[in-house]
Amino acid sequence: MSVPRVRIAGIGRHDGETVSIAGWLYNLRRSGKICFPLVRDGSGIIQCVAVKATLPEETFEALKNLTQESSLIVTGKVRAEARAQGGYELDVESVEILQRVSEESPYPITPKEHGIDFLMDHRHLWLRSRRQTAILRVRHEVIKAIRDYFDSNGFTLVDTPIFTPAACEGTTTLFEVDYFEDEKVYLTQSGQLYNEANAMALGRVYCFGPTFRAEKSKTRRHLTEFWMVEPEMAYAGLEDVKTLAEGLVVFCIGRVLENRREELAVLERDVSKLEAVKTPFPRMRYDDAVELLRRKGSEIQWGGDFGNTDETLLTEGSPQPILVDRFPTAIKAFYFQPDDENPKLAMGVDVIAPEGYGEIIGGGQRIHDPELLLRRLKEHDLPPEAFNWYLDLRRYGTVPHAGFGMGVERFVAWMCGTEHIRECIAYPRMLYRTRP
Ligand code: 4AD
Ligand code: MG
């Protein structure tokens, strides 16, 4: 009779049955005539109980001396155990060891503390740890929630290119790539410009993919390669962006709280902080934000961009993210629609997450007037030829339109409460990190 192969996450459906689990040895405790292999299979971790008296001698000996991360298939009877993590244990009946990790070259990551550089060098193995798998599952949940939110609100996913001929977010953070026959292209900083074209075709669209910034900043919030979701809407303005953005944030938090409680517990995340996030989020103008920051002791001057500490100060004491709008045009990208009442201000908004997680969303209303757009391109020293197709959108049925971008890793870092966003993507790319 063949024994059903089950995953640890669903083991509760097999209480009292004999099943097998295919996984890896996470840890092992032993005491003479009994040993407790902790087995992980990617869906969870279960404690197995192997009793010497009930097993063939070779089976018990093999298990008792097994090394960390050896691959094995254990067969045994599932037993509810209130004290066990996950609520179940497995009483071992037999075991098949696929590979015993050699003692000569043991698994490099042990339960003891390792430095971050060591862990990052072994990222391909570090991912197997309980904490890292929890983060990856939260990330998965966030990405699924993002897609469900847009899909159920009338948005069509349209992928935008990664090789691009023009800058979207300023020329200082472009990665240049040698294309064929001496042509230079750049890795995309944002799908926005193409999104705008797609929005004129489909009304409401989003793109979702990797984006690149040659940003030489070594902060806990910057990657050189990160994932961004960007919605874009035709016939829309700044207020529509704010409503859509706060809706997205609470929807994603709701899903994480609904489906990833166990992971948040592993991460020791204070979930009350996430539960407290409700719409509407407080709104603030840049002018008032600068004044508030100065009162709180920041050195910021009107016209300056917020630093990490400014963003932390802004949300201090509030569980809610804050929406800050109308930044000075001078510190914003070329495409922002100016405020009718004061053209020195841009119709852009940043969503600043609480607890020091900083800007998670940036967006706003785009210039729809062709002359103004051309003028701005020139002011920003951007070659109008490269943007000719983009100007077409203002020549053929131009309409007010708006959208935003949300960085996935920043959002996941906030959900998980991680100190640095490098843990929120499987293989982070940073200023001094391109391996493994
Ligand atoms: O504010 P940003 O630069 O906006 C844009 O790229 C717009 N074109 C988006 C749009 O309107 N369609 O970036 C948007 C978000 C930020 O709020 C942040 O969450 C994330 O992308 N982000 C980064 N995440 C990690 N590392 C970096 N270096 C990031 N730069 C931006
Ligand atoms: Mg921004």
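Computed from heavy atoms alone, side chains included, the values below leave out hydrogens, waters and symmetry copies.
Taking the six-membered ring where tryptophan is involved, the planes of F411 and W414 are perpendicular, since the angle between them exceeds 60° and thus also 30°. Under the 30°/60° scheme for interplanar angles, the aromatic rings of Y149 and F251 are found to be tilted. Using the six-membered ring where Trp is involved, F212 and F175 have ring planes that are perpendicular, over 60° apart on the 30 and 60° scheme. The aromatic rings of F150 and F404 lie tilted to each other, with the angle between the two planes from 30° to 60°.
Evaluation of the side-chain hydrogen bond (donor to acceptor under 3.5 Å, both in side chains) test over residues 239-257, restricted to residues two or more places apart or in two chains, returns D148-R255, E239-K242, K242-D325, E246-R283.
With 3.5 Å as the limit, one finds no donor-acceptor pair spanning the side chains of S105 and S102. Using a 3.5 Å distance cut-off with no hydrogens or angles, the side chains of E215 and T224 do not pair a donor with an acceptor. Between the side chains of S190 and E230, at least one donor N or O sits under 3.5 Å from an acceptor N or O. Of the N and O atoms on the side chains of Y390 and E196, at least one donor lies less than 3.5 Å from an acceptor on the other residue. Side chains of Q47 and Q85: no donor on one and acceptor on the other come within 3.5 Å. In this model, a donor atom of one side chain and an acceptor atom of the other lie less than 3.5 Å apart for Q192 and Y335. A donor-acceptor contact under 3.5 angstrom links the side chains of E141 and N259, judged on distance only.
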**Asked** Would Y427 and E225 count as a side-chain hydrogen bond (donor to acceptor under 3.5 Å, both in side chains) if you check the C-alpha gap in whole Å, the side-chain angles of each, and the deciding distance to 0.1 Å?
**Response** CA-CA 10 Å; Y427 301 96; E225 176 181 319; over 6 Å; no

**Prompt:** Can N308 and R221 be said to form a side-chain hydrogen bond (donor to acceptor under 3.5 Å, both in side chains), step by step?
**Reply:** CA-CA 9 Å; N308 284 356; R221 294 179 191 162; 2.7 Å; yes

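Between K144 and D151, none of the side-chain N atoms (NZ, or NE/NH1/NH2) sits under 4.0 Å from a carboxylate O, so this pair counts as no salt bridge. The residues K278 and E275 are annotated as not salt-bridged, no charged nitrogen and carboxylate oxygen being separated by less than 4.0 angstrom. We find that R131 and E263 are not joined by a salt bridge, their nearest charged nitrogen and carboxylate oxygen being 4.0 Å or further apart. Using a cutoff of 4.0 Å between basic side-chain nitrogens and carboxylate oxygens, E379 and R376 are scored as salt-bridged. For the pair R100 and E69, the salt-bridge criterion is not met [side-chain N within less than 4.0 Å of a carboxylate O]. Of the charged side-chain nitrogens involved, none lies within less than 4.0 Å of a carboxylate oxygen, so that D305 and K332 do not count as a salt-bridged pair. At a threshold of 4.0 Å, the pair E419-R220 does not count as salt-bridged, since none of the basic side-chain nitrogens sits closer than that to a carboxylate oxygen. A salt bridge links R139 with E409; the closest basic N to acidic carboxylate O contact falls under 4.0 Å. Ion pairing between a basic and an acidic side chain is recognised when a charged N comes within 4.0 Å of a carboxylate O; R366 and E232 show such pairing. The pair D288-R285 does not meet the salt-bridge criterion, since no charged nitrogen lies less than 4.0 angstrom from a carboxylate oxygen.
Side chain of E96 to main chain of I73: no donor-acceptor pair is present (N/O by atom type, distance under 3.5 Å, no hydrogens or angles).
Summarising the geometry of R269 relative to L274, their closest heavy-atom pair is NH2-CD2, 3.6 Å, with the distance given to 0.1 Å.
Geometric assessment of R29 against the ring of F36 yields a positive cation-pi assignment under the 6.0 Å and 45° thresholds.
The six-membered or imidazole ring of Y286 lies near that of W302, with a centre-to-centre distance under 6.0 Å. Proximity of the aromatic rings of F208 and F155 is defined here by a centroid distance below 6.0 angstrom, and this criterion is not met.
Under the rule for a side-chain hydrogen bond (donor to acceptor under 3.5 Å, both in side chains), Y186 has no partner lying at least two apart in sequence or in another chain.
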